[in-house]
Amino acid sequence: MTKFAQQVLAVVSAIPIGQVSTYKIVADLSGYPRSARAVGLVLKKNKFHFLSNGRKKIPCHRVIKSNGQIGGFSLGFEKKKQLLHFEGLIIKNNRINNFEQKLYYK
DNA sequence: AGTAAGGCGGGCA
DNA sequence: GTGCCCGCCTTAC
């Protein structure tokens, strides 16, 4: 695993339930401000996603696009929406309601 | 080692 | 609101 990937996973795993972050923010907090796109790749590729791992739970579903849209998900778009909704977020037209107020920055 | 493509972002029309 | 284009970093082949 690359340093970059480790940083990304560390940041993402710190996002609290009920909050979300964006690929941009994660990239920023990881110390690679222009790697938003690469962040998506790491999340897609990592084996420790929220559902199938008991210890390292990486809540990749809490990472969305900077415009409030959901973005992609390796386990499927619907699954991501479902998980977010389950954590109390309201989703309408593939977009999070008031996501600005639920953003995790640090 | 080269190249293409990806869970993206920002700027501008 | 839409769409297009260019830049970005990493992975896959």
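Please read all numbers here as calculations on a predicted model, not as lab measurements. Just so it is clear: chains get the letters A, B, ... in the order the sequence lines come, proteins before strands, and each one is counted from 1.
Contact of the A:Leu84 side chain with the A:Ile70 side chain is registered, since non-hydrogen atoms from C-beta on lie closer than 4.5 Å. Put simply, the side chain of A:Leu83 reaches to within 4.5 Å of the side chain of A:Phe73, judged on heavy atoms.
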Under the side-chain contact (heavy atoms from CB on, under 4.5 Å) rule, what do A:Val63 and A:Thr22 come out as? Steps first, then yes or no, please. CA-CA 5 Å; A:Val63 184; A:Thr22 71; 5.8 Å; no

Kindly indicate, with the supporting measurements, whether the criterion side-chain contact (heavy atoms from CB on, under 4.5 Å) is fulfilled by A:Leu89 and A:Asn97. CA-CA 7 Å; A:Leu89 299 169; A:Asn97 272 23; over 6 Å; no

Would A:Leu103 and A:Ile25 count as a side-chain contact (heavy atoms from CB on, under 4.5 Å) if you check the C-alpha gap in whole Å, the side-chain angles of each, and the deciding distance to 0.1 Å? CA-CA 9 Å; A:Leu103 280 183; A:Ile25 293 173; 4.2 Å; yes

Check against side-chain contact (heavy atoms from CB on, under 4.5 Å), A:Asp28 and A:Val11: CA-CA 10 Å; A:Asp28 243 340; A:Val11 171; over 6 Å; no

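Heavy atoms of A:Ala38 sit under 4.0 angstrom from at least one base atom. Counting any heavy atom pair closer than 4.0 Å across all strands shown, A:Lys44 reaches a base atom. Among the atoms of the strands shown, only primed sugar atoms or phosphate atoms (P, OP1, OP2) are found under 4.0 Å from some heavy atom of A:Thr2.
If you take CD1 on A:Ile64 and OG on A:Ser21, they are separated by 8.0 Å, rounding to the nearest 0.5 Å.
Closest to the side chain of A:Val63, out of B:dG6, B:dC8, B:dG7, is B:dG7.
Shown here for A:Lys57 and A:Ser13, the closest heavy-atom pair between the two residues is O-CB, 4.0 Å. In terms of heavy-atom proximity, A:Ser35 sits nearest to A:Ala27 at C-CB, 3.9 Å.
The environment of CZ in A:Arg34 is sparse: at most 12 heavy-atom neighbours from other residues, nucleotides or ligands sit within 6.0 Å.
Counting only Watson-Crick or G-U wobble pairs whose defining distances are both under 3.5 Å, the stems of 3 or more consecutive pairs in DNA chain C are B:2-6 with C:9-13, B:8-13 with C:2-7.
Contact footprint of chain A on DNA chain C: nucleotides with an atom under 4.0 Å from a non-hydrogen protein atom, first to last in 5' to 3' order, C:dG1 to C:dA12.
Remark: side-chain polar atoms of A:Lys80 are paired, donor with acceptor, to backbone N or O of A:Gly72 under 3.5 angstrom. Between the side chain of A:Asn93 and the main chain of A:Arg95, no donor-acceptor pair closer than 3.5 Å is present.
Put simply, CZ on A:Arg37 is 10 Å from C1' on B:dG7, counting in whole angstrom units. Spacing between atom CG of A:Leu84 and atom C1' of B:dG7 amounts to 13 Å, rounded to whole angstrom units. Spacing between atom CZ of A:Phe4 and atom P of B:dC8 amounts to 13 Å, rounded to whole angstrom units. Put simply, NZ on A:Lys81 is 15 Å from C1' on B:dG7, counting in whole angstrom units.
Considering only side-chain N and O atoms, A:Ser66 lies under 4.0 angstrom from the phosphate OP1 or OP2 of B:dG10.
Contacts with DNA chain B (heavy atom under 4.0 Å) in residues 93-106 of chain A: none are found. Of the residues in residues 17-35 of chain A, A:Tyr23, A:Lys24 come within less than 4.0 Å of DNA chain B through at least one heavy atom, sorted by number.
By the salt bridge (charged side-chain N to carboxylate O under 4.0 Å, His left out) test, A:Glu78 pairs with A:Lys81, sequence neighbours left out.
Evaluation of the side-chain hydrogen bond (donor to acceptor under 3.5 Å, both in side chains) test over residues 82-92 of chain A, restricted to residues two or more places apart or in two chains, returns A:His61-A:Glu87, A:Arg62-A:Glu87.
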